[in-house]
Student: 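Got a structure for you, written out below as structure tokens; questions coming shortly.
All residue numbers in this chain count up from 1 along the given sequence. Note that the coordinates shown come from a computational prediction; the quantities given were computed from them, not determined experimentally.
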Amino acid sequence: MLKPNSFLLRIENQDYQRPATHALNAQAFLQLQDPNPFYIRHEPQQSGDFKLFFGERKDSQDIDFDTPINGTSITYSITRNKVIVTSDLIGAEPVYYRYSGSTIQISNRLENLVKENDCPDWVAIHCYLSFGYTLGESSFFKNIFQTLPNQRIEIDTESLELKKLVADSAPHATNTESLASNTRAVSNLLYNVMQTYSPMVLMTSAGWDSRALLATQKSPITAAYTHGDISSRECTIAKKLTGTLRMDHYFKDVKGMMIDTQLLDEMLELHGHCLWPIWHISSRFISETLCLPIASGVIGARMGGHNGFPSMGTRFQKIINSLHTINPKIVSKEKIINDVKKSTTAPKSFWFTSDKGSKLFRELANTTTKNIHDTLDKYLNETNDLSFAIEKFNYDHISRQYMMKQPILAQAFNGYYSPLSHPDLIKTVYSIPFDQRIQNRLTKGVISKLNPGLLNFPMAATLTQAKHSIFTQEVSRILRIIFEKLYFKITKNRLNLGWFNYDHLYSNDFFETTIESLRSEVWSKHRMHKRIYENKNCGIDAGSTMDMICKIKTIDYYLSKATQSI
């Protein structure tokens with residue numbers, strides 16, 4: 001039985017009993033299970049040919065299946081004996097596929113392809129538990145792969161020959177325009193991109209990317225929504241931002257949300273993972289209340305330089321390495337690469353594994369680290385631009401496989417829009433030098449041009465208005481951090497700045513019941529319970545603890561699909 005909102009394409013060149021609903025000469029057979037039309041668009045032909053798209057909600061009748069925007073397309077031609085899979089520039093909606101001699105199977109849900117005797121890819125699982133992604137084409141199983149960003153796969157349905165092509169894997173040629181000129185170009189393009197969308201609800205934070213979307217005042221954003229700790233500074237600023245636009249703003253307090261083990265099981269069934277439960281709850285609420293898709297500023301179209309080398313390493317390393325953009329002689333390229341590799345070194349032990357699991361991951365740690373560093377070196381060798389290489393590595397992995405799972409959770413409801421992932425916008429931003437984008441320089445310029453009033457409010461983590469210089473804001477951030485640590489040391493309470501305050505989960509049985517629901521022998525329930533108790537008493541953020549528990553729960557779900565053990 002297929003998972004909800006999914007499909008399975010089977011390509012078989014041997015004789016077998018064909019369903020009566022298919023053309024007699026067809027060799028590719030498509031099954032769909034409860035497809036949401038806001039997520040999956042299927043166009044079958046009487047000839048047996050078909051076209052399929054899944055990803056961002058498409059409200060128009062026409063879809064360009066050859067060059068999909070914010071999604072992945074699959075086309076099948078009987079006369080040409082071709083199945084073609086085309087991934088967009090982001091690749092956030094991967095196709096999973098397995099090739100077993102006489103059969104190729106393709107699906108948007110990994111579970112649809114897993115068989116009982118499949119062997120887990122423990123290196124990929126180690127990488128996922130450590131950083132939230134698997135490398136390149138790998139999945140949680142050794143014989144199942146996923147498509148890459150900007151990839152095209154052609155399958156000959158007679159010979160089952162499979163050809164893979166990643167178009168311009170490192171498309172990069174920086175322009176020589178000034179920051180002012182590039183700001184004008186991006187502002188105009190962002191405005192035009194927004195006009196192509198239908199009414200939406202913006203998942204609003206107090207951050208730069210939300211402000212960039214709000215800045216296009218003539219836009220399809222009909223309402224805003226913010227979830228989290230509504231008494232936090234973040235939510236207060238978000239409310240003020242939309243207040244300047246006289247926009248309806250809905251809030252949902254995380255403390256009143258039912259986040260429990262049953263919710264995680266529901267997410268696993270609908271999505272194949274249980275990351276970001278608050279986004280799942282919010283997407284369902286917006287769908288039921290407003291009957292509209294959600295939009296968000298997740299991944300920020302690279303405008304803010306969020307994924308560059310200053311985003312990796314310790315806070316001190318980030319500050320020091322940022323000086324490279326001023327003068328490479330101050331901080332060398334070699335130092336930056338070394339710091340990045342240190343931050344992507346897989347741990348040899350986890351606090352949640354059994355003796356067997358600890359032994360397994362300890363033995364795999366060097367291999368996992370080598371694979372990550374070799375992949376990073378590949379990105380570095382494809383271009384002479386250090387900033388672009390590291391940015392693209394992060395974009396292709398943590399951004400698309402982890403961060404983009406936030407808005408995609410709306411796929412089961414009224415769908416999602418991802419305006420900042422539009423390929424025209426991304427290609428334009430690709431061409432802008434990193435030193436014009438770092439620390440949100442470009443984003444700030446775009447907002448200033450489209451709606452400067454949004455810069456009169458500070459960020460949640462800074463103490464001064466966003467319109468002030470980046471240097472002033474960063475100094476205020478450092479002062480805020482120092483004060484926050486002193487405040488916690490004296491009062492044993494954290495300042496209520498950010499919206500992701502999940503500390504109430506320590507007071508209910510969420511962690512306990514979720515831990516007890518795990519089945520694999522790779523985990524140690526005793527060690528987990530002990531660590532949760534210690535985290536609570538030491539003031540460790542419950543949000544980061546929940547995030548790891550959700551990753552563990554996701555891996556446990558997939559391990560239960562196969563009988564292979566450690």
Student: Mind checking what makes ring-ring contact (aromatic ring centres under 6.0 Å, His included) contact with F65, not counting sequence neighbours?
Tutor: none
Student: Write out all pairs satisfying ring-ring contact (aromatic ring centres under 6.0 Å, His included) with one or both partners inside residues 180-222, taking only residues at least two apart or from two chains.
Tutor: Y197-Y417
Student: Look up atom OG1 in T242 and atom CD1 in I237, then write down how far apart they are to the nearest 0.5 Å.
Tutor: 12.0 Å
Student: Between K392 and E382, is the closest basic N to carboxylate O distance under 4.0 Å?
Tutor: no
Student: Quick check against the 3.5 Å criterion: does H271 have a side-chain atom that pairs as donor or acceptor with the backbone of M267?
Tutor: no
Student: Is the backbone N or O of A206 less than 3.5 Å from a side-chain atom of S210, with the two atoms forming a donor-acceptor pair by type?
Tutor: no
Student: Establish, for the pair R57 and F38, whether the NZ or CZ atom is under 6.0 angstrom from the six-membered ring centre and no further than 45 degrees off its axis.
Tutor: yes
Student: Aromatic rings F145 and Y97: how do their planes relate, parallel, tilted or perpendicular, breaks at 30° and 60°?
Tutor: tilted
Student: Do the ring planes of Y402 and W276 sit parallel (below 30°), tilted (30 to 60°) or perpendicular (above 60°)?
Tutor: tilted
Student: Do the side chains of D396 and R400 get close enough for a salt bridge, i.e. N-O under 4.0 angstrom?
Tutor: no
Student: Mind checking whether H306 and M403 have side chains closer than 4.5 Å, heavy atoms only?
Tutor: no
Student: Quick one about E93 and Y39 (side-chain donor to acceptor, distance below 3.5 Å, no hydrogens or angles considered), yes or no?
Tutor: yes
Student: Would one find more than 12 heavy atoms of other residues, nucleotides or ligands at under 6.0 Å from atom NZ of K82?
Tutor: yes
Student: Determine, for R441 against D435, whether the closest basic-nitrogen to carboxylate-oxygen distance falls under 4.0 angstrom.
Tutor: no
Student: To check you understand the geometry: which heavy-atom pair defines the closest contact between S187 and V446, and what is its length?
Tutor: OG-CA, 3.5 Å
